[in-house]
Number of protein chains: 2
Amino acid sequence: MTDERALRADARRNRARVLEVAAEVFATEGLSVPVHEIARRAGVGTGTVSRHFPTKEDLLIAIMSTRLVKLTAQADELARREDPGTAFFALFVALVRAGAADCGLAELAVADRRLDDIGERAGADLCGRLQELLAAAQKSGDVRADVSYPDIRALMSACMARREDSLEPILAVVTDGLRRGPT
Amino acid sequence: MTDERALRADARRNRARVLEVAAEVFATEGLSVPVHEIARRAGVGTGTVSRHFPTKEDLLIAIMSTRLVKLTAQADELARREDPGTAFFALFVALVRAGAADCGLAELAVADRRLDDIGERAGADLCGRLQELLAAAQKSGDVRADVSYPDIRALMSACMARREDSLEPILAVVTDGLRRGPT
DNA sequence: AAACATACGGGATGGCCGTCCCGTTTGTCG
DNA sequence: CGACAAACGGGACGGCCATCCCGTATGTTT
């Protein structure tokens with residue numbers, strides 16, 4: 001699409017290596033890691049990073065957007081095959097697990113502004129799906145009617161703050177709480 | 001205690017004004033507001049701020065510690081007068097309301113490291129009380145046994161992320177969820 | 001009212017970081 | 001193998017911010 005042909009062999013290798021290292025570093029240490037540090041660990045100069053990804057945001061988008069697109073597809077799949085309640089909770093849990101396994105993703109999930117803008121609206125798409133599933137699950141009575149989408153976002157972020165191996169209790173609390181009727 | 005006698009009248013006034021302005025700014029815009037900006041709004045120079053509070057952290061401590069001490073006292077009061085479940089949930093809700101009304105406090109609550117260090121351990125004291133009440137409430141069966149203190153912290157932060165006038169639904173979800181037995 | 005200490009303002013300093021640039025190196029193609 | 005374009009590295013730059021410093025102004029005391 002974007003003239004991949006024009007990339008020299010070493011450039012292609014470096015680009016891939018930067019992506020790989022950045023993905024791991026963002027996942028384990030969060031988004032505040034300096035670009036300089038990513039370059040160092042990838043064994044390239046900062047110039048190389050910023051030529052491939054002019055902006056730190058660009059790098060982030062390159063890493064996250066495919067993942068977000070996959071999750072969106074998963075959301076659509078769920079919406080088609082499952083009843084509203086099952087679909088909503090399945091997506092909720094999938095998102096939480098994704099965030100719990102990746103600090104960077106969890107950070108994105110906290111700041112709605114950024115998530116919405118990531119990857120040519122891939123983030124916004126995903127948020128939209130979650131919102132739709134929430135509405136459907138509330139209509140069918142599977143989720144209490146008085147919670148709003150921002151409530152869901154907040155609860156999701158809270159769960160993502162725990163690590164992968166400690167998710168079950170908090171997930172149980174939240175999903176049980178969401179199922180109960182108001183008052 | 002700390003030689004208040006030695007403070008000149010204008011100094012005392014400026015100090016109070018800075019505290020007042022900083023408290024409001026932190027509450028409405030969060031902790032990332034530059035010290036420079038607080039000085040500007042207080043109508044003083046940055047030097048004046050940093051003489052009274054050598055560090056931004058010092059300023060934060062001055063604002064938060066009395067509040068934390070009050071909340072700790074409230075926790076003790078609850079522990080003495082109420083049964084474990086009631087006491088735990090009352091403290092939880094009180095903390096959430098405090099955070100929802102104050103962005104700065106909510107930010108502190110997210111980063112346990114900082115809260116623990118605030119105000120000569122005033123933060124740590126409060127965290128300790130919450131932990132004790134949690135343990136008691138779990139022992140008495142009022143809170144499900146499989147949640148951990150970090151789970152509570154995460155859920156608390158999530159609730160604090162909502163504003164004061166939108167608290168009820170998310171609080172209901174979380175408190176209901178916490179009451180249910182495991183599976 | 002004079003003299004002294006205290007406090008003031010805001011510019012200077014230094015650290016951190018993202019981004020840009022350019023002299024040098026290296027892959028590529030004839 | 002030679003020449004040229006493409007890519008590299010890392011230093012330079014600029015913005016942001018907390019903290020420090022010092023010449024000036026102002027309360028305070030006798």
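Values reported hereafter were calculated over all heavy atoms of this structure, with side chains retained and with hydrogens, waters and symmetry mates removed. Per chain, numbering begins at 1; letters A, B, ... match sequence-line order.
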Please check if the number of heavy atoms outside E24(A) that lie under 6.0 Å from its CD is greater than 12. no
Measure the shortest side-chain to side-chain distance between L130(A) and Y149(A) over non-hydrogen atoms and say whether it is less than 4.5 angstrom. yes
Atom CD1 of I38(A) and atom C1' of dG18(C): how far apart are they, to the nearest Å? 12 Å
Taken to the nearest whole Å, NE2/H52(A) to P/dG18(C) is 18 Å
With a 4.0 Å cut-off on N to O distance, would you call E37(A) and K56(A) a salt bridge? no
Validation row: F53(B), I61(B) side chains within 4.5 angstrom (heavy atoms): no
Rounded to the nearest Å, what distance is computed from the CZ atom of residue R15(B) to the C1' atom of nucleotide dC8(C)? 16 Å
K139(A) and P84(A), any side-chain heavy atoms less than 4.5 Å apart: no
note: E37(B), atom CD; dC16(D), atom P; distance rounded to Å ~ 13 Å
Using a 4.0 Å heavy-atom cut-off to protein, can you give one letter per nucleotide of nucleotides 20-30 of chain D, 5' to 3': B if the base is in contact, S if only the sugar-phosphate is, - if neither? BB----BSS--
d(CG, L31(B); C1', dA18(D)) in whole Å: 15 Å
According to a hydrophobic-cluster definition based on side-chain heavy atoms being under 4.5 Å apart (Ile, Leu, Val, Met, Phe, Trp, Tyr only), do L71(B) and V69(B) belong together? no
Round to the nearest Å and state the distance from R40(B) atom CZ to dC17(D) atom C1'. 15 Å
Side-chain heavy atoms of L133(A) within contact of F92(A), under 4.5 Å: no
Residue K56(B), side-chain heavy atoms: nucleotide from dT19(D), dC8(D), dG9(D) that is nearest: dT19(D)
Is NZ or CZ of R179(A) both nearer than 6.0 Å to the six-membered ring centre of F89(A) and within 45° of the ring axis? yes
Between the two ends of the helix from dA1(C)-dT30(D) to dG30(C)-dC1(D), what is the bend in degrees, rounded to 10 degrees, where each end axis spans five pairs? 0°
Output the rounded distance in Å from CZ (R17(A)) to C1' (dC8(D)). 16 Å
Test applied, side-chain contact (heavy atoms from CB on, under 4.5 Å); reference residue, R15(B); option that passes from V49(B), T48(B), L7(B), D10(B): L7(B)
In whole Å, I'd like the distance from the CD atom of E57(B) to the C1' atom of dT19(D). 14 Å
Can you tell me if the side-chain N/O atoms of N14(A) get under 4.0 Å from OP1 or OP2 in dA7(D)? no
